[in-house]
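Just so it is clear, the model here is predicted, and its values are computed rather than measured.
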Amino acid sequence: MCLGIPGKILSIADDGLRTGKVSFGGIVKDVCLAYVPEAGVGDYVIVHVGFAISKVDEEEAKKVFELLEEMGELAEAGGQGP
């Protein structure tokens with residue numbers, strides 16, 4: 001399964017390729033921002049395999065974080081069954 005995960009842009013660098021530090025709920029990764037030239041520091045982007053593919057508003061990003069958290073809780077609960 002392929003998922004795009006929202007993350008918040010913490011910083012941007014442009015050394016020939018626009019990249020940035022993006023936080024995914026506290027885990028920070030380097031991400032290519034070439035496909036979202038309109039995105040800036042503080043914006044949320046959808047990231048797929050290291051590439052930001054679109055901007056997303058903060059409210060939508062929070063909904064996805066909540067859903068992912070619920071999925072993790074469900075997986076944990078499923079592993080502790082009788």
Side-chain angles (χ1 to χ4, degrees):
M1 175 171 31
C2 298
L3 291 175
I5 305 294
K8 184 176 184 178
I9 298 174
L10 301 177
S11 65
I12 296 175
D14 194 345
D15 298 330
L17 179 63
R18 190 166 190 261
T19 61
K21 301 280 185 195
V22 176
S23 175
F24 301 92
I27 298 170
V28 178
K29 298 282 188 179
D30 291 319
V31 171
C32 178
L33 300 172
Y35 299 136
V36 287
E38 73 280 11
V41 172
D43 286 339
Y44 285 83
V45 289
I46 298 293
V47 178
H48 179 68
V49 292
F51 292 86
I53 55 176
S54 65
K55 274 182 63 174
V56 63
D57 66 39
E58 184 174 354
E59 186 172 325
E60 189 67 28
K62 286 182 178 177
K63 287 180 184 175
V64 173
F65 287 137
E66 290 171 5
L67 181 60
L68 291 172
E69 190 172 307
E70 287 177 20
M71 290 172 63
E73 290 173 5
L74 287 174
E76 285 181 24
Q80 298 174 358

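Every pair passing ring-ring contact (aromatic ring centres under 6.0 Å, His included) that includes a residue from residues 33-58 is listed here, sequence neighbours excluded: Y35-F51. Sorted by first and then second residue, the pairs that involve residues 35-55 and meet salt bridge (Lys or Arg N to Asp or Glu O under 4.0 Å), not counting sequence neighbours, are D43-K55.
Taking L17 as the reference, T19, C32, A34 meet the side chain to side chain contact (heavy atoms under 4.5 Å, CB included) condition, with sequence neighbours excluded. Shown here are the salt bridge (charged side-chain N to carboxylate O under 4.0 Å, His left out) partners of D30, two or more places apart in sequence or in another chain: K21.
Hydrophobic clustering (ILVMFWY, side-chain heavy atoms < 4.5 Å, transitive): I46 and V22 are in distinct clusters. With hydrophobic clusters built from ILVMFWY side chains whose heavy atoms lie under 4.5 angstrom apart, V47 does not share a cluster with V56.
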Show me, pair by pair, the donor-acceptor contacts under 3.5 angstrom made by side chains of residues 2-16, not counting sequence neighbours?
| residue | atom | partner | partner atom | Å |
| --- | --- | --- | --- | --- |
| D14 | OD1 | G16 | N | 3.4 |

Under 3.5 Å, sequence neighbours excluded: what are the donor-acceptor pairs made by side chains of residues 58-72?
| residue | atom | partner | partner atom | Å |
| --- | --- | --- | --- | --- |
| E58 | OE2 | K62 | NZ | 3.2 |

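Heavy-atom minimum distance, A52 versus V31: N-CG1, 3.6 Å.
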